[in-house]
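Structure, as structure tokens:
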Amino acid sequence: MPDLLNVSVSGLRAYQGALSTTSHNIANVGNEDYTRQRVEFDARLPIQQGPGFFGQGVDLTSVNRIIDEFNSLNIRDITSNTFRLSAFESFASRVETVIADEQTNLMPSLDGFFDALNDVANDPSADAPRVALLGAAEILEQRLSSMGEELRGIETEINGVVRSEVTEINAITTELARINETLTSLSSVDNQPSDLLDQRDALLKQLSEKISVTVVEQANGNLNVLVGTGQLLVTNGTSLNLLTQQDAAQPDKISIAIESSGSTVDISTSLVGGELGGLLDFRDNLLSPAQNRLGRTAIALSETMNAQHVQGYDLNGNLGGNLFSTVSTGHLQAQFGGDYLNNGFDVGDTVAFDLQFDGQTVSVSHTITGTDTNQDIANGLLFNPSGLGAGIVDDANVTDNLDGTYTLAGTTPGVSLTFELFGSNIQFESAGGPSPLGNDLSISNLVDGFANDATIELSSLGSSSTRLSAGVASSGNPATFIGPATQAIPNQNNTGVGAVNFSITDVSALTISDYELTYNGVDFDLLRLSDNVTVASGSGPFSVDGLEIVTNGLLLPADAGDSFYINPTKQGAVNFQVLVNNTSEIAAATPVRATTNINNIGSVEISPTTLTNATDGELTRTVDIFFDPANPSGTFDVVDRTTGNVLQDDVIYFNGINVNQNGWQVQLTGEPQAGDTFTVQNNSAAVGDNRNALLLAGLQTQGVLDNGNTTFEQSYNTTVTEVAVVTQQVQINLSVEESLLQSAIEQRETVSGVNLDEEAADLIRFQQAYQALSRVIQVSQELFDSLLTAV
Amino acid sequence: MRVSTSLIHQQGVQSILDKQAELLRTQNQMSSGKKILSPSDDPSGASRIIDLNEALAQIEQYDSNANYATQRLNLEESTLDSSLLVLQRVRELAIQAANTGVNDLRSEQAIASEIQEKLEELFDYANTKDENGDYIFSGFQSKTQAFTTDGAGNYTYNGDEGQLSLQIGSNRQVASSDSGAEVFQKVRQGNGDFSVDAVRTNAGTGKISTGSVQNPAAFLKHDYSIRFIDADNYEVFDNTLNASVAPSPRAYTEDGGITFDGIEVEISGTPAAGDEFTVNASRYQDVFTTLSDLVRELDAPGIGDITGSFGGDYSTNGFAPGDTIDFDLDFDGVQINLVGVAAGATDVDTANNITAALVGQGVTDNLDGTFTLNGTTPGYSVDFQINPITNAIEFRTDGGNGEVFSHLTISNLVDTGNDGVMLLNNNGSNTVASAASITSATPGDSAFFAAGTFDNTFLSQQIDNALNNIDQAMTSIINVQTSIGGRINSIDSQIEDNAVRAIHLQEVRSEIEDLDLTEAITNLTFQTTALQVAQQTFVQVQGLSLFDFI
């Protein structure tokens, strides 16, 4: 007879479990990562009794997770995309605000500057417009440098965000490894706890928010996680941490590495997707180009304005100086000297060498006596107390500051180098801002009478702004201290002691690209990074894209692979500064003027002067254009009035002829008469001359970049537009991805989400069954009772 | 399709969030009035707006420059107007001087003094300063006074030929000033090609006409002299080539045309032998020199003013130290009797004693080395001063007119020893001295100074020449004025162009940038409604649950 009780009890147990699962589902209705669970009932095997097979009740055989694994994969992928785009978009909008906000963008201050220039051109002798021009220049400087600083701030911020992302990623992968471990120890492949799997899925989703991952299921049910081009972050129960480090080529940037076979490998370029991928993408493809573009605009402004300003005369009758500078104001700071007596400085020897700095050469020599200590030798090199030989201070261009320091004036106005004795070393520091090639100090032509084996040690005093071309200077091997400003960044993995300087020689050919110079063991290859084209090869110097790149120092074949990073434009805006602060130094006038002699009989008119070469040393000499009656008819001479030298003899005149001399040009029109004279002379007291100011103001509408095709405004416009276009693209893509994500989530919810009404229905069903079975038990009891009472 | 409870909730919330975001965006657009809130909203539009803003800023600057230029040119134009008026008045005065008769020298001098005033007025105009204290006619040297004079009739231009150009359009500059050289200094003499003149020492009454260039191709721009060999014959001499111009000699006919090297001039009147006339290629002559020369000629001593000297070199002429000198001086009804003037140890002392004695007799000591004796005719006086070299007493009358008054008489010379000789000298002027000296040896001896015969031919020639030069100066100014007028016109038309362009650019910018308010309000209404619907449906749907019925 079938056992009513057993059957009922089996049912009770089964439905109890079912109810418990249903309540678990209901309890987790608010849990986003939860996949609903369903129970499986299986009827027990029947037993044959008498005429037929009688069922033995029901068993609850499994609790299943209702999930679509493909959908999970899909969600992870779309999540990576969405978070990548979202991180990109949020920073891109910030860059937009920095460079294009209506109140703070560059155009009002740039236009304001040119307006002020026009006002000076309208009234060159008045002080008020000049004061206003200096004010406008200050505003422009503030705008450009603060924009540059804000972008740099974003770069630094990105570094910080990347670090915290990597920390979080490492935390997640550690947790994933632990779950893998737990799963293998707790259960078998076929029957894994759903909630733990939910947790693992949730972690994977979190991870994909940060980075694109590939998930591979192992035979034992563990999941391995790979990133990039196949780097394993999680392998079964172990996880590998990502590391952050300073990028070897560009120290301002952070790069991400992983340890692999004992060394750290930079995997930044292969990481995509997720916030991390978005941040790196933003930094390299939107922020860096924007910084370079803005910097290039600033450099163009500075260089072209300067080039025109130095062609003019200021109120004091002097040629104009530089208006702006975009080179950083770091300076040389180092020492040379050392243990002379052990370095080939022998008693009785005369050691001599040259110091070269900014066009000046100082020749130093010292004879070593028997009692000289190292300190005495240093003293002798600097001060030459014995009067034999020559000390640094003996040079005509060195002045005594009366405080133990001595200053050498460079050929560039305002640039100088100050020396001081420090033990047996001579320390020095430069001032006045660097000239184009970083105001290097070279020690060369080192000779000594005995054995020619003297060496001088060099030390940069730990100053990061000064690099050395060699550790020592020795005979036939000069050594250079290299100033900071326009130095290429040596890769941190370099083994050699070479150094590379660059300067900008032609703004209109300048690109927004960065460059990499690599030493291949024999010579150099110069790679332009924007389009990956090798633009030059050889031993240098290289003249390309408006840059002059000079290699100095020694690289040995063993140093093959050494590379140097050149980013000519990145710091342009940050470093932009105004150099003129005196209204009388604004050069509005032209250095020369043309005049007609009052005794002329002919009808020839002379045009105002224009300059063909402002640097001509003879520019302002008084020159007469004289139709000498002794000349053949219709010819004139060009004569230097002071010396009487005939500079151009018997030039044939025709109406409209241009006369060029000493860097200026004039045009003569009309009919001359023998004896007529015209003079070109120094434009003194010409406070009302605005010709140079007009030319300066005219630069607003001239093509100054891209070989004369782009104005300042256009280059700034492109900067804004490039950011805007990319941002718009990202925004569009983001909204697409967001709706894709929405669909995928809907899909997941359809399959795995808990529906309260459904659960409610199930509750009723199981409860009814439970109640029914209870009644069955009660019936079986009554049957038994009736049996008992019958007996 | 199966939906989960959380999906229902999430979609409802998302819908509300989306609609809120849209609403916020519309609100931002409306409060800023712009469609484009950030460049990524419309990159190509944003780019165009940057270009348009730049173009508009430039136009604004050009307008400002143009207004500045107009102001400067207006100031210059009004200064030139005033200058022209001055020159017109001078012209009238010069003609008046030519007509009212050179016999009335007092009027000539009155005219001269008015022209001098006009000259000073013109000089001030040439040195006009603008509101910033810059000289407008100094070229580029705007803090340097344009013209200066040394007081002796020499004028110097201290500026240069620069013109201040201002940018009024992207490819247009306009000169907002003209140099003093251009306006006042580079004025051609005579008829513009050549100028004519008579030599001052000509004895005859010949006058040369202005002339003109009849054959430009033959005109050499040389300097010539027309010399009269005698009253009937002359030759034309090219001073530049140092050779005579064929034919030579030529016969003189009054008012007959004299032609050579493309030039034609006429000579009228009766030249004397040795008379010379010049025909020189026109140089530049500034207008101040022209006026100053005219003043000098009109003011020159002639009828009415006499100059000369008496005395001098006393010790070599019989006035030994210790002698006493008596003489009488008569002038315009005033008689001065000097008695007992001591001859001093040196000639200087003697001269001082004479002047002291004159002062004692009513001659005024002006305390500057000059002494003035007023005649009985009002306004008529004579000034004395001692010549530092010869120690003679020089005199010059002032204010006189006609022969009646222009006499200074020295008489009744007596000295100790009766051997003194009083030298009398007209110093090369037009004044006639009736004798070269008087001696005390001849008691009662007297001599007088009188106005010489005055030939108005030379003055008349100078006035004619001056008129030509004044006309040239006026033409020069008028030319500059015309140029200024043209420039002001072109500035005005540029300003108009700029305005039209600016309006057009503003329209384009507005289309791209500005919000269509009607559309925005419609959107706002629609989005507000949509949000409300989303919120209400959310509440309704959320309330449905099977658990309510269990």
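A note on names: the letters A, B, ... follow the listed sequences, proteins ahead of strands, and every chain is numbered from 1.
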Go through [options] and name the one with the most non-hydrogen pairs under 4.5 angstrom from chain A.
options: B:Q14, B:Q285, B:Q11; value: B:Q11
options: B:I8, B:N132, B:D51; value: B:D51
options: B:Y135, B:F140, B:F549; value: B:F140
options: B:E60, B:R188, B:Q163, B:H9; value: B:R188

Among [options], which has the most heavy-atom pairs under 4.5 Å with chain B?
options: A:S125, A:A761, A:P629; result: A:S125
options: A:Q728, A:E32, A:Q714, A:R748; result: A:Q728
options: A:N599, A:N600, A:V29; result: A:N600
options: A:G602, A:A674, A:A128, A:A697; result: A:G602
options: A:N118, A:L763, A:T727, A:N683; result: A:N118
options: A:N31, A:D111, A:T721; result: A:D111

Point-to-point distance, once rounded to the nearest 0.5 Å, from [atom1] of [X] to [atom2] of [Y]:
X: A:I601; Y: B:T240; atom1: CD1; atom2: OG1; result: 7.0 Å
X: A:N597; Y: B:Y284; atom1: CG; atom2: OH; result: 9.5 Å
X: B:R72; Y: A:N122; atom1: CZ; atom2: CG; result: 8.5 Å
X: A:M107; Y: B:N53; atom1: CE; atom2: CG; result: 8.0 Å
X: B:L7; Y: A:S752; atom1: CG; atom2: OG; result: 11.5 Å
X: B:Q167; Y: A:L117; atom1: CD; atom2: CG; result: 12.0 Å

Q) So which residues of residues 175-186 of chain B are in contact with chain A at a heavy-atom cut-off of under 4.5 Å? A) B:Q185, B:K186

Any donor-acceptor pair under 3.5 Å linking the side-chain atoms of [Y] with those of [X]?
X: B:E161; Y: A:T596; answer: yes
X: B:S4; Y: A:E749; answer: yes
X: A:T595; Y: B:D160; answer: no

If you count every heavy atom of other residues, nucleotides or ligands that lies below 6.0 Å from [X] atom [atom1], does the total exceed 12?
X: B:N171; atom1: CG; value: no
X: B:R509; atom1: CZ; value: yes
X: B:R48; atom1: CZ; value: no

Q) Between B:Y62 and A:T701, which heavy-atom pair has the shortest distance, and what is it? A) OH-CG2, 4.1 Å

Q. Between B:L164 and A:A121, which heavy-atom pair has the shortest distance, and what is it?
A. CD1-O, 4.2 Å

Name the region of [X], side chain, backbone, both or neither, that has any atom closer than 4.5 Å to a heavy atom of chain B.
X: A:P124; result: side chain
X: A:L110; result: neither
X: A:S93; result: neither
X: A:N105; result: neither
X: A:D101; result: neither
X: A:V751; result: backbone
X: A:I26; result: side chain
X: A:R691; result: side chain
X: A:E722; result: neither
X: A:A685; result: both

Give, as side chain, backbone, both or neither, the part of [X] having an atom under 4.5 angstrom from any heavy atom of chain A.
X: B:S545; value: both
X: B:N65; value: both
X: B:D42; value: backbone

Q: Go through the steps for B:Q58 and A:E713 under the test side chain to side chain contact (heavy atoms under 4.5 Å, CB included), then give the verdict.
A: CA-CA 12 Å; B:Q58 279 174 3; A:E713 178 263 330; over 6 Å; no

Q: Could you walk me through whether A:Q742 and B:Q10 pass the side chain to side chain contact (heavy atoms under 4.5 Å, CB included) test, one step at a time?
A: CA-CA 10 Å; A:Q742 197 57 28; B:Q10 194 201 354; 4.1 Å; yes

Considering only distance and modelled atom types, tabulate donor-acceptor pairs under 3.5 Å from the side chains of residues 753-760 of chain A, sequence neighbours left out.
from   : atom 1 : to     : atom 2 : distance (Å)
A:N755 : OD1    : A:D757 : N      : 2.9
A:N755 : OD1    : A:E758 : N      : 3.4
A:N755 : ND2    : B:V3   : O      : 2.7
A:D757 : OD1    : B:L546 : N      : 2.8
A:E758 : OE1    : B:R2   : NE     : 3.4
A:E758 : OE1    : B:R2   : NH2    : 2.9
A:E758 : OE2    : B:R2   : NE     : 3.4
A:E759 : OE1    : A:N25  : ND2    : 3.4

Q. Hey, are the side chains of B:D134 and A:D123 touching, using non-hydrogen atoms and a 4.5 Å cut-off?
A. yes

Q) Any side-chain heavy-atom pair from A:V687 and B:Q141 closer than 4.5 angstrom? A) no

Between [X] and [Y] (side chain of the first, backbone of the second, donor and acceptor by atom type, cut-off under 3.5 Å), is there such a pair?
X: A:N690; Y: B:S165; answer: yes
X: A:N717; Y: B:I50; answer: no
X: A:Q673; Y: B:K221; answer: yes
X: A:E96; Y: B:S38; answer: no

Q. Can A:D119 and B:Q61 be said to form a side chain to side chain contact (heavy atoms under 4.5 Å, CB included), step by step?
A. CA-CA 9 Å; A:D119 287 341; B:Q61 185 59 48; 3.6 Å; yes

